[in-house]
There are 2 protein chains.
Amino acid sequence: VIKTNSIEKIYKTGKINVCALRDVSIEIERNSYNSIVGPSGSGKSTLLHIIGCLDTPTKGDYYLDEVKVSDLKPNKLAQIRNKKIGFIFQTFNLLPNLNILKNVELPLLYAGVRKKEREERSKDVLQKVGLEHRLKHKPNELSGGERQRTAIARALINNPSIILADEPTGNLDTNTGKGIMEIFNKLYDMGHTIIVVTHDNYVAKRADRTINIKDGKIVD
Amino acid sequence: VIKTNSIEKIYKTGKINVCALRDVSIEIERNSYNSIVGPSGSGKSTLLHIIGCLDTPTKGDYYLDEVKVSDLKPNKLAQIRNKKIGFIFQTFNLLPNLNILKNVELPLLYAGVRKKEREERSKDVLQKVGLEHRLKHKPNELSGGERQRTAIARALINNPSIILADEPTGNLDTNTGKGIMEIFNKLYDMGHTIIVVTHDNYVAKRADRTINIKDGKIVD
Ligand SMILES: Nc1ncnc2c1ncn2[C@@H]1O[C@H](COP(=O)(O)OP(=O)(O)OP(=O)(O)O)[C@@H](O)[C@H]1O
Ligand SMILES: Nc1ncnc2c1ncn2[C@@H]1O[C@H](COP(=O)(O)OP(=O)(O)OP(=O)(O)O)[C@@H](O)[C@H]1O
Ligand SMILES: [Mg+2]
Ligand SMILES: [Mg+2]
């Protein structure tokens, strides 16, 4: 379902040039459970952003469901993203001025779902991640792990076929983290495709396949 | 060196009232290595902020080096903080418009250290955490784990006697995390007092003493 062909990503900011990914070619099958591991700064988040249609490579091609995504215009890219992909950011990226009930509703708002249904589904997924007692809190009125779980809830609410998670348990104690892994397991059983970037060995081991990255390259 | 007496912390925001800590009384000795563990949302960051003079309790007293800190005015509190405490935030709290060399210099700037020495010491501690090749990057031009290491460098540059670390390895792979733990070990050997909030069992086990928190209370 996901196919990258010699992806290269160079960040160019002012005088700074950083080659974050070089010659990355991977194929990920539908309904597979994958983990991406590697040292800090090795290019994992960069790769996940390209797979998630949130960034474009400087060289190479990316095919999602056989469509050459690397060629698409921004609004077409956004459409595909909203429909097919649930992205959990390493830095959560919650909107600071909305409470978490409204933050989690956002993907449904973009999908044109009506208010009453949005609210019910938002409450439902927030209850799944153990945050039903925090619905009216804004992100800065939460603990680190509660913000992380809010980001997880928002990524899952639209039932996307592809779930991309960047360090989803980094701020969670072992038990709460296991609860999140159980949610991912259920989604995998229901046919979803899962890609988790993680430093947590427990999380990496549950994947069928682990992709190793070092200095922007895939290694075995 | 640190003594809290029946600390209570209630967050009051609009209609929301959350009791984050209740009746917390702990004593921490000079030159000890402590970890604080507990479920997500249990009050760990709240307790660390009070110990770090970044927040005040709603009830109870806090003594730092036998001074009743809970009574002090904000500017006196800031003085003590800058001199004695190095705080590593769970959310890093780096200044977005400064590169990391300048971000890490900040505690020395407040301490009145001259430009040339600030720059040398900043480079030195950034090299210790493996970021010598990223000095001119701003925080948004870094990976998650690189931001975390920048926050660690900034907390350590003034050689504070008390180091408070909130989930310092949450975004780091095992090897990079071990490197950070080595730095903490050396500081402990040199007489510093260390308190680490962590979900990482490896990190918690290295402490001489572990404080368990659940629902805002200390448990055994
Ligand atoms: N500004 C605030 N207003 C209201 N409630 C808050 C505020 N900040 C934190 N809380 C609540 O206080 C409780 C304790 O928060 P704290 O950040 O101390 O937890 P924690 O143990 O550090 O959690 P984690 O492991 O997830 O980082 C949480 O349940 C949180 O929702
Ligand atoms: N906007 C940017 N400009 C310049 N360099 C960047 C930018 N964003 C990231 N980098 C660099 O690209 C490299 C890869 O970053 P990436 O975020 O993909 O790493 P990562 O593997 O996710 O690391 P971590 O495990 O620490 O989160 C890093 O060394 C980083 O410094
Ligand atoms: Mg990353
Ligand atoms: Mg916390």
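Residue numbering restarts at 1 for every chain, and letters A, B, ... go by the order of the sequence lines. Since we're looking at a predicted model, the values are computed, not measured. Heavy-atom basis, side chains included; hydrogens, waters and symmetry copies ignored.
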Using a 6.0 Å cut-off, check whether atom NZ of A:K102 has over 12 heavy atoms from anything other than its own residue. no

Measure distances from B:T91 to the heavy atoms of chain A and classify the residue's part below 4.5 Å as side chain, backbone, both or neither. side chain

Between A:V18 and chain B, with a heavy-atom cut-off of 4.5 Å, which part of the residue counts as in contact: side chain, backbone, both or neither? side chain

Reported OH-to-CG distance for the pair A:Y11 and B:L142, which is rounded to 0.5 angstrom: 11.0 Å

Looking only at heavy atoms and a cut-off of under 4.5 Å, which of B:K15, B:R134, B:Q90 has the most pairs with chain A? B:Q90

Would you say the side chains of A:N171 and B:E167 form a donor-acceptor pair under 3.5 Å? no

I'd like to know which of A:K44, A:E146, A:K138, A:H137 tops the heavy-atom pair count under 4.5 Å against chain B. A:H137

Measure A:H133 against the heavy atoms of chain B and call it side chain, backbone, both or neither at under 4.5 Å. neither

Within a reach of under 6.0 Å around OH of B:Y110, are more than 12 heavy atoms found that belong to other residues, nucleotides or ligands? no

I need the B:H199 NE2 to A:L172 CG distance, nearest 0.5 Å. 6.0 Å

Of the listed residues (A:G177, A:P39, A:G38), which shares the most heavy-atom pairs with chain B below a 4.5 Å separation? A:P39

Is a side-chain N or O of A:D173 found less than 3.5 angstrom from the main chain of B:S40, in a donor-acceptor match? yes

